Amino acid sequence: QVNLVESGGGAVQAGGSLRLSCAASGYTVSSVCMAWFRQAPGKEREGVAAIGSDGSSRIAYSVEGRSSISGDTAKMTLNLQMNNLKPEDAAMYYCALAPGSLCYTVKAGIPSHRLFHLWGQGTQVTVSS
């Protein structure tokens with residue numbers, strides 16, 4: 001049984017910081033890629049950051065300069081540090097996992113959410129102005 005457990009969400013004021021963490025277990029493939037997506041009410045799911053199975057990483061333009069991603073795909077852990085949070089960052093944040101064969105590299109961009117078939121339950125980020 002595959003489990004993705006997210007943590008670190010919460011309520012902050014604009015300008016604050018949060019660190020989201022994701023840990024996966026029980027997925028028996030040789031390599032994986034991992035990503036953070038977010039979805040606000042009434043909006044489409046948006047890719048925020050990703051790490052490819054080759055170790056490459058990508059940050060969405062919407063959070064670039066304010067966020068950093070780290071993790072270890074071999075251990076299936078992923079972290080997202082978000083600073084200077086804005087009200088428009090408020091959303092449910094989801095960790096997602098896919099076989100590394102489908103997303104070896106993310107140098108060209110964050111893969112579509114349709115590529116990922118394993119998802120965590122989400123962690124809520126609320127930002128007040």
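Here the structure is a predicted model, which is why all the values come from computation and not from measurement. Start at 1 with the first residue, then count along the sequence.
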Hey, mind stepping through Ser53 and Thr73 against side-chain hydrogen bond (donor to acceptor under 3.5 Å, both in side chains) and telling me if it holds?
CA-CA 6 Å; Ser53 59; Thr73 55; over 6 Å; no
Go through it in stages, so that I can follow the logic: the residues are Met76 and Val32, the test is side chain to side chain contact (heavy atoms under 4.5 Å, CB included), and I'd like the CA-CA distance, side-chain angles, deciding distance and then a yes or no.
CA-CA 7 Å; Met76 294 191 291; Val32 299; 3.8 Å; yes
Run the numbers on Leu80 and Leu78 for side chain to side chain contact (heavy atoms under 4.5 Å, CB included), then give the verdict.
CA-CA 7 Å; Leu80 178 66; Leu78 186 68; over 6 Å; no
Donor-acceptor contacts under 3.5 Å from residues 15-24 side chains, at least two apart:
| residue | atom | partner | partner atom | Å |
| --- | --- | --- | --- | --- |
| Ser17 | OG | Asn83 | OD1 | 3.0 |
| Ser21 | OG | Asn79 | OD1 | 2.9 |

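When side chains are defined from C-beta on, Ser68 does not count as touching Ile59, because their heavy atoms never get closer than 4.5 Å.
Among residues two or more places apart in sequence or in another chain, the side-chain hydrogen bond (donor to acceptor under 3.5 Å, both in side chains) test is passed with Gln121 by none. For Tyr93, the side-chain hydrogen bond (donor to acceptor under 3.5 Å, both in side chains) criterion is met by Arg38, not counting sequence neighbours. By the side-chain contact (heavy atoms from CB on, under 4.5 Å) test, Ala60 pairs with Ser62, Val63, Ile110, sequence neighbours left out. The side-chain hydrogen bond (donor to acceptor under 3.5 Å, both in side chains) check on Gln124 picks up nothing, with sequence neighbours excluded. Contacts of Ala11 classified as side-chain contact (heavy atoms from CB on, under 4.5 Å), with partners at least two apart in sequence or in another chain: Thr126. Gln39 meets the side-chain contact (heavy atoms from CB on, under 4.5 Å) test with Arg45, Tyr94; sequence neighbours excluded. Among residues two or more places apart in sequence or in another chain, the side-chain hydrogen bond (donor to acceptor under 3.5 Å, both in side chains) test is passed with Asn84 by none.
Residue pairs meeting the ring-ring contact (aromatic ring centres under 6.0 Å, His included) criterion with at least one member in residues 34-80, sequence neighbours excluded: Phe37-Phe116, Phe37-Trp119. Legend: side-chain hydrogen bond (donor to acceptor under 3.5 Å, both in side chains) pairs involving residues 22-35, not counting sequence neighbours, sorted by first then second residue: Tyr27-His117. Each salt bridge (Lys or Arg N to Asp or Glu O under 4.0 Å) pair with one or both residues in residues 53-78, not counting sequence neighbours, appears once here: Arg66-Asp89. Residue pairs meeting the salt bridge (Lys or Arg N to Asp or Glu O under 4.0 Å) criterion with at least one partner in residues 106-129, sequence neighbours excluded, do not occur; the list is empty.
Here the closest non-hydrogen pair linking Pro87 and Val127 is N-CG1, 3.7 Å. The minimum heavy-atom distance between Leu115 and Cys103, with the atom names listed, is CD2-CB, 3.6 Å. Listed here is the closest heavy atom pair of Gly52 and Cys33: CA-CB, 3.9 Å. Scanning all heavy atoms of the two residues, the minimum distance from Ala40 to Ala91 falls at N-CB, 3.8 Å. Among all heavy-atom pairs drawn from Met34 and Leu97, the shortest one is CG-CD1, 3.3 Å.
By the criterion of side-chain heavy atoms lying less than 4.5 angstrom apart, applied directly or through intervening Ile, Leu, Val, Met, Phe, Trp or Tyr residues, Val125 is not grouped with Met92; the two fall into different hydrophobic clusters. Val2 is connected to Ile51 through a chain of hydrophobic side-chain contacts under 4.5 Å among Ile, Leu, Val, Met, Phe, Trp and Tyr, so both are in one cluster. Ile69 and Val106 fall into different hydrophobic clusters, where Ile, Leu, Val, Met, Phe, Trp and Tyr side chains are chained together by heavy-atom contacts under 4.5 Å.
Judged by distance alone, with hydrogens and angles left aside, the side-chain atoms of Glu6 form a donor-acceptor pair with the main-chain N or O of Cys95 at under 3.5 Å. Put simply, the side chain of Thr77 never gets that close to the backbone of Gly71: no donor and acceptor are under 3.5 Å apart.
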